[in-house]
Amino acid sequence: MIQNLTTLLGVAAPVALMIMLWVMAQISRRFGEVTHRPPIYRGFYVAMGLLLFPFVVRVLAISLTETDRADLGGNSMGAIVHDLPLIVAVILALIVAWRYWGWLIYAREGESPVPPARKK
């Protein structure tokens with residue numbers, strides 16, 4: 001019983017990542033509108049889509065018995081379906097976040113990410 005509860009709570013990890021990526025996408029979209037950046041923030045939505053695979057795998061793991069759970073892991077297809085999209089989603093989100101928000105690290109005090117308006 002407690003094993004099923006911890007497995008059910010394990011579903012919260014991909015859901016929390018999806019919510020975080022959605023918030024980052026919304027903030028980046030607004031920032032991109034102000035700074036006239038290309039819509040690279042859409043990579044957050046792709047990463048959210050990739051997180052559906054780990055979510056489904058974790059939901060399906062709720063119905064597994066104790067012996068079935070022991071068989072999972074290692075080189076099994078379930079581990080690949082769970083881990084590979086999760087890794088790709090996190091790497092993609094990191095790249096997109098770096099492209100949008102990397103200026104915060106390198107900006108000097110008072111420097112704006114928005115280029116000055118051109119004079120006509």
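The first residue in the sequence is number 1, and the count goes up from there. Atom set for the values below is all heavy atoms of this structure, side chains included, hydrogens, waters and symmetry mates excluded.
Environment of OH in Tyr41: crowded, with over 12 heavy atoms of neighbouring residues, nucleotides or ligands closer than 6.0 Å.
Under the side chain to side chain contact (heavy atoms under 4.5 Å, CB included) criterion, Val59 pairs with Val11, Phe55, sequence neighbours left out.
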Name each donor-acceptor pair under 3.5 Å that joins a side chain in residues 84-102 to protein atoms two or more places apart or in another chain, with its distance.
{"from": "Tyr100", "atom 1": "OH", "to": "Pro38", "atom 2": "O", "distance (Å)": "2.7"}
{"from": "Tyr100", "atom 1": "OH", "to": "Ile40", "atom 2": "N", "distance (Å)": "3.4"}
{"from": "Trp101", "atom 1": "NE1", "to": "Ser28", "atom 2": "OG", "distance (Å)": "3.0"}

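For Met18 against Leu51, the heavy-atom pair with the smallest separation is CE-O, 3.6 Å.
For residues 11-25, no pair satisfies side-chain hydrogen bond (donor to acceptor under 3.5 Å, both in side chains), with sequence neighbours left out. The stretch residues 20-29 participates, sequence neighbours left out, in these salt bridge (Lys or Arg N to Asp or Glu O under 4.0 Å) pairs: Arg29-Glu33.
Put simply, CE on Met20 and CE on Met48 are 10.0 Å apart, with the number rounded to the nearest 0.5 Å.
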